[in-house]
Amino acid sequence: MAQPLFFLVLVLAFVGSVTDAAVVEHTFRVGNVRVRRQCKNRVITAVNGQLPGPTIYAHEGDTVIVHVINESPYDMSIHWHGILQLLTAWADGPNMITQCPIRPGKSYTYKFNIIGQEGTLWWHAHVSSLRATVHGALIILPREGPKAYPFPQPYKEVPILLGEWWNANVVQVENKALATGLQPNKSDAFTINGRLGDLYRCSDKHTYKLDVEYGKTYLLRIINAAVNNQLFFKMAGHSFTVVAVDAGYTVPYPTDVLVLAPGQTVDALVVANAPPSRYYMAARAYISSPPPLQPFDDTTTTGIVRYKSAMPSSARPAMPLMPDYTDTPTAHQFYTSLTGLLKPGWPTVPLHVDEHMFVTFGLGTVPCRRDQPRCTQGALAASMNNVSFEFPTQTSLLEAHFKGVKGIYTRDFPDRPPLVFDFTNKNLSTNRALMFTSKGTKLKKVKYNATVEIVLQNTAIIGTENHPLHLHGFNFFVLAQGFGNFDWETAVQSYNLVHPQMRNTIAVPTGGWAVIRFVANNPGIWFMHCHLDVHLPWGLGMAFEVENGPTPDSTLPPPPPDFPQC
Ligand code: C2O
């Protein structure tokens with residue numbers, strides 16, 4: 001008699017654990033597909049033939065398994081941008097940092113758990129410039145579902161991926177720039193959910209549409225998947241309430257304009273309470289460098305919000321008034337007004353610091369190579385603390401770290417810049433003594449669980465601009481930001497040690513600085529780099545080597561059996 005009851009209890013326990021933590025499994029076939037845009041045929045690399053690629057929906061606590069099959073002619077790797085990858089550094093994805101690429105014809109299964117994070121993230125190729133078209137949303141719901149949001153449950157949720165479009169092959173664009181040592185070509189258009197919008201040639205039908213019902217609230221999960229451009233985003237006749245950025249909840253912040261740097265995400269509530277009609281949503285570039293400007297993509301992408309109850313009309317939808325391309329005050333206002341939402345049980349800013357770093361970064365030059373005939377003044381480069389990051393070619397950093405392979409990297413990434421000068425003084429922009437940088441693969445080693453504080457200081461060398469710095473493997477708290485040179489005495493008074501915003505990508509103000517803090521609670525190799533793709537091969541990056549902790553629970557396990565070989 002006791003047996004059936006025992007069995008029932010077992011079944012219930014099993015069902016219970018399944019709803020607690022599920023396995024979310026996808027197969028990504030990466031391959032070249034033909035598309036037609038702006039009346040031109042193009043071949044792009046995409047996942048499952050889709051642009052943007054498939055959206056991954058998961059709940060906090062789930063396990064994600066993605067089988068990546070590389071049917072493209074390029075080396076491939078996929079990064080799960082913002083996923084903490086606790087003890088799964090092997091699945092992080094950056095090419096030659098945590099793995100060798102998946103060669104054409106090969107495959108690799110990424111497997112990781114989603115622990116202690118909720119909100120909007122995304123995935124993208126992390127090799128060459130392929131993320132231009134190899135990307136998609138990764139959305140993490142609370143374990144208990146949308147009813148557990150710390151804001152009123154929306155009627156519907158809508159992923160909005162902002163992208164950049166090239167009429168040329170993006171890999172060729174990058175290779176040409178690297179071969180000449182010069183700036184790459186600019187993009188030809190921007191996109192909303194892969195669509196250009198009807199302000200572009202031949203694109204009337206190629207416009208994203210969002211149908212809304214009057215009076216309902218929508219949660220837009222906006223992702224800047226563009227390669228080299230920060231973007232302003234607005235919606236005519238509507239305003240937003242920001243409730244999260246980079247998968248970290250914020251104190252609700254009302255605004256009618258959003259700004260996102262490449263890599264960043266914003267979750268914003270929109271109430272459909274305008275007179276029922278049609279309205280444009282639009283995105284265009286925020287250019288953070290002062291004039292005279294380099295040529296930039298000055299086009300605008302649009303989508304159309306359509307009220308279901310609106311009368312049919314052939315009139316053009318209302319267009320939002322976009323900020324000027326160079327409206328740094330508006331961008332700065334947005335970036336610095338956000339604060340984190342304190343939620344019981346979620347991480348708060350650590351108050352004790354173990355490692356203090358001061359890291360300057362920006363552009364520079366390295367000597368021209370003999371195979372760069374058009375290069376005369378030195379090839380463009382970028383650096384952090386005057387080290388221009390060089391990717392290893394034989395073995396990934398993580399494998400070298402795990403197996404103790406010598407000669408792949410050194411542990412001498414400096415805690416301070418080699419020279420203190422007036423970092424943001426534009427008169428020093430072309431100072432030859434300051435411009436030259438040298439290459440190296442230098443890492444910063446930190447102890448497990450150490451709290452690291454970094455002052456990120458932009459320089460004015462060659463040019464001044466806002467660089468979005470992204471840290472893999474951790475969320476960090478943004479304590480303060482400002483323009484000019486960082487000055488500890490004044491800056492420390494503005495530190496938010498109560499409810500700072502938590503991010504994985506910080507748009508460091510143009511000609512300015514930001515202070516971030518994180519706890520190195522995840523053993524492995526973690527890349528930190530500029531998320532403007534053009535600056536990555538130039539060397540605007542470094543990596544942390546985080547040691548194992550004292551227990552099996554804080555020790556990086558070995559790589560999976562199908563781990564790509566170099
Ligand atoms: Cu979203 Cu290392 O990148």
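Positions are given from 1, in the same order as the sequence printed here. Side-chain atoms are counted along with the backbone in the values below, which use heavy atoms only and exclude waters and symmetry mates. From a predicted model like this one, the values you see are computed outputs, not experimental measurements.
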Fill in: Tyr249 vs Glu118, side-chain hydrogen bond (donor to acceptor under 3.5 Å, both in side chains): CA-CA, chis, key distance, verdict
CA-CA 8 Å; Tyr249 293 116; Glu118 299 173 4; 2.5 Å; yes
Practice prompt. Decide if atom NZ of Lys209 counts as having more than 12 heavy atoms of other residues, nucleotides or ligands within a radius under 6.0 Å.
Written response: yes
Worksheet item: Does one side chain, of Gln230 or Asn466, offer a donor that lies under 3.5 Å from an acceptor on the other?
Response: yes
Worksheet item: Would you call Asp211 and Lys308 a salt bridge, taking side-chain N to carboxylate O under 4.0 Å as the test?
Response: no
Item to complete: Compute whether any side-chain donor of one residue and acceptor of the other, for His470 and Gln264, lie under 3.5 angstrom apart.
Response: no
Discussion item. As a quick check of understanding, evaluate ring-ring contact (aromatic ring centres under 6.0 Å, His included) for His467 and His531, giving each step before the final call.
Written reply: CA-CA 7 Å; His467 294 273; His531 218 279; over 10 Å; no
Worksheet item: Would Thr241 and Val271 satisfy side-chain contact (heavy atoms from CB on, under 4.5 Å), going step by step from the backbone distance to the final call?
Response: CA-CA 9 Å; Thr241 303; Val271 186; over 6 Å; no
Fill in: SB check Asp298 Arg284 (cutoff 4.0 Å)
no
Worksheet item: When you look at NZ of Lys186, are more than 12 heavy atoms from neighbouring residues, nucleotides or ligands closer to it than 6.0 Å?
Response: yes
Discussion item. Under a 3.5 Å threshold, yes or no: a donor from one side chain and an acceptor from the other, between Thr510 and Asn458?
Written reply: no
Worksheet entry | Step-by-step ring-ring contact (aromatic ring centres under 6.0 Å, His included) determination, Tyr200 to Phe190 | CA-CA 10 Å; Tyr200 294 100; Phe190 295 105; 8.0 Å; no
Discussion item. Does the structure place the NZ or CZ of Arg37 under 6.0 Å from the centre of the six-membered ring of Trp166, at an angle of no more than 45° from the ring's axis?
Written reply: no
Worksheet entry | Pair Tyr325 + Tyr286: ring centers closer than 6.0 Å | no
Discussion item. If we check side chain to side chain contact (heavy atoms under 4.5 Å, CB included) with Phe389, which of these qualifies: Leu540, Ile97, Leu536?
Written reply: Ile97
Item to complete: Decide yes or no on side-chain contact (heavy atoms from CB on, under 4.5 Å) for Val64 and Lys111, but give the supporting numbers first.
Response: CA-CA 6 Å; Val64 175; Lys111 182 173 175 190; over 6 Å; no
Worksheet item: If you take all heavy atoms of His26 and Thr55, which pair is closest and at what distance?
Response: CE1-O, 3.9 Å
Worksheet item: Where is the tightest heavy-atom contact between Ser77 and Asn95, given as atom of each residue plus distance?
Response: OG-N, 3.7 Å
Practice prompt. Would you name the heavy atoms of Thr63 and Asn113 that are closest together and state the gap between them?
Written response: OG1-OD1, 2.8 Å
Worksheet entry | Min side-chain heavy-atom separation Tyr307-Glu213 under 4.5 Å | no
Worksheet item: Within a radius of less than 6.0 Å around CZ of Arg34, do more than 12 heavy atoms belonging to other residues, nucleotides or ligands occur?
Response: no
Worksheet entry | Contact summary for Arg503 and Tyr335, nearest pair of heavy atoms | NH2-CD2, 4.4 Å
Fill in: Nearest heavy atoms of Asn504 and Gly82, plus distance in Å
ND2-CA, 3.4 Å
Item to complete: Just do the ring-ring contact (aromatic ring centres under 6.0 Å, His included) check on Phe112 and Tyr110 with the steps written out, would you?
Response: CA-CA 7 Å; Phe112 52 88; Tyr110 291 87; 7.9 Å; no
Worksheet item: Are the ring centres of Phe402 and Trp90 closer than 6.0 Å?
Response: yes
Item to complete: State whether a side-chain donor-acceptor pair under 3.5 Å links Thr207 with Asp198.
Response: no
Item to complete: Kindly determine whether His81 and His135 satisfy ring-ring contact (aromatic ring centres under 6.0 Å, His included), including the steps that lead there.
Response: CA-CA 10 Å; His81 180 116; His135 63 247; over 10 Å; no
Worksheet, complete the sentence: Note: Leu84 and Trp526 closest approach over all heavy atoms is O-CH2, 4.2 Å
